[in-house]
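Report on one structure; see the data block that follows.
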Amino acid sequence: MDIKAQLLQVKTDFESDLENTENLQLLNEIRVKYLGKKGVITSVLKSLGSLSVEERKEVGLIANQIKDFIEESLKVKEEKLKAKELEEKLKREYLDVTLPHSWHSIGYSHPVIATLNEITSIFVSMGFSVESGPEVESEDYNFTMLNIPPHHPARDMQDTFYLNNGMVLRTHTSPVQIRTMLKKKPPIAMVAPGRVYRKDLDPTHSPMFHQIEGLVVDRDVTFRDLKGVLKIFLETIFGKDIPIRFRPSYFPFTEPSAEVDIGCTVCKGVGCKVCKETGWLEILGCGMVDPEVFKAVNIDPQEYSGFAFGLGIERIAMLRYQITDIRLLFNNDMRFLSQFEGIG
Ligand code: DAH
């Protein structure tokens with residue numbers, strides 16, 4: 001075959017190759033096959049040397065025309081394939097922005113934790129520090145140093161979880177009073193929020209629940225200071241008009257001791273099931289720190305006085321949100337919990 005015929009064959013071959021090319025990668029292979037350094041056209045052009053001047057001119061012209069044709073055709077095909085690929089990509093990745101999207105909640109506090117945090121921050125705003133202690137506690141800290149002697153009913157096996165190693169699950173947050181007084185010198189104003197444990201289970205008692213403890217120790221601290229601080233606290237939580245009363249009571253670690261009641265938030269004092277027809281709700285225990293407790297932590301009761309208080313968080317949360325069964329707080333049923341989105 002002479003060179004001219006060869007060239008025309010090249011053109012025909014190229015056209016059919018191009019026809020069968022469906023993607024950019026194949027197109028590139030074709031480009032190399034025809035126009036590359038070792039490509040068909042290059043080798044034809046190289047062989048021009050063996051021709052006469054006349055022939056060379058003629059064949060060179062044809063060869064260049066075919067080369068231009070190939071280049072141009074490749075360009076056109078490339079555009080086409082790019083457009084096609086883009087179209088396919090758009091089809092594949094089509095996003096219907098009008099579809100309703102699924103909302104993911106970012107989460108929110110559990111009603112008990114929200115209440116605990118709110119109560120803590122009220123005391124923090126009055127200058128109290130926040131202290132903590134372990135939930136596995138020694139009998140000394142949980143009982144003895146709080147003036148609860150070995151045979152006191154509070155130590156009864158029925159109330160306290162005793163562990164094999166002689167420790168207990170703390171039954172209240174009061175041991176944090178002891179820990180703080182051993183660690184810090186007066187003046188002290190602290191609260192200790194946390195989990196506590198008792199062998200108890202009914203609609204208003206759970207074996208694990210939360211308390212917050214408060215302690216103030218300084219020179220000349222009086223019962224009036226106690227009343228003032230608790231009044232501010234209760235009015236902040238339950239509203240300015242909440243009726244408050246201090247009722248004499250007994251705790252081993254305070255003397256004198258009191259329990260604080262608020263007017264029933266359900267019946268407004270008229271009498272109902274929640275307040276057992278009394279019109280009052282017990283909210284917390286408190287009193288002046290017993291000198292025996294001061295002695296246990298080497299604080300001189302002649303020089304210092306103090307007050308303490310403790311309250312259960314679940315009870316406050318239940319009253320505020322009108323929850324009648326404490327177990328609802330711990331079942332983790334989202335139908336219940338989702339009602340508290342946005343409270344804290
Ligand atoms: N620790 C008591 C309890 O769990 C509550 C309490 C009462 C704490 C009087 C106190 C207090 O600090 O002064 O029932």
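Everything quoted here is computed from the prediction, not taken from an experiment. Only heavy atoms go into these numbers, but all of them, side chains included; no hydrogens, no water, no symmetry mates. Read the numbers this way: they start at 1 and go in the same order the structure lists the ligands and their atoms.
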Side-chain donor-acceptor pairs of residues 285-292 under 3.5 Å, sequence neighbours excluded:
residue : atom : partner : partner atom : Å
Asp290  : OD1  : Glu292  : N            : 2.9
Glu292  : OE2  : Lys295  : NZ           : 3.2

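- The pair Lys89-Glu85 fails the salt-bridge criterion, with no side-chain N (NZ, NE, NH1 or NH2) lying under 4.0 Å from an Asp/Glu carboxylate O.
- With sequence neighbours excluded, the residues that form a side chain to side chain contact (heavy atoms under 4.5 Å, CB included) with Ser138 are Asp140, Tyr141, Met167.
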Could you tell me, for ligand 1, which of its N or O atoms are under 3.5 Å from any protein N or O, listing the pairs and their distances rounded to 0.1 Å?
residue  : atom   : partner : partner atom : Å
ligand 1 : 1 (N)  : His172  : ND1          : 2.9
ligand 1 : 1 (N)  : Ser174  : OG           : 3.0
ligand 1 : 4 (O)  : Arg198  : NH2          : 2.7
ligand 1 : 4 (O)  : Gln211  : NE2          : 2.9
ligand 1 : 12 (O) : Gln177  : NE2          : 3.1
ligand 1 : 12 (O) : Glu213  : OE2          : 2.6
ligand 1 : 12 (O) : Phe309  : N            : 3.3
ligand 1 : 12 (O) : Phe309  : O            : 3.3
ligand 1 : 13 (O) : Ala308  : O            : 3.2

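- A salt bridge links Lys4 to Glu58: at least one charged side-chain nitrogen sits closer than 4.0 Å to a carboxylate oxygen.
- Ile316 and Leu329 fall within the same hydrophobic cluster, where Ile, Leu, Val, Met, Phe, Trp and Tyr residues are linked whenever their side-chain heavy atoms come under 4.5 Å apart, directly or through other members.
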Return a table of donor-acceptor pairs under 3.5 angstrom between the side chains of residues 223-234 and protein atoms on other chains or two or more places apart.
residue : atom : partner : partner atom : Å
Asp225  : OD2  : Thr222  : N            : 2.8
Asp225  : OD2  : Thr222  : OG1          : 3.4
Lys231  : NZ   : Glu235  : OE2          : 3.0

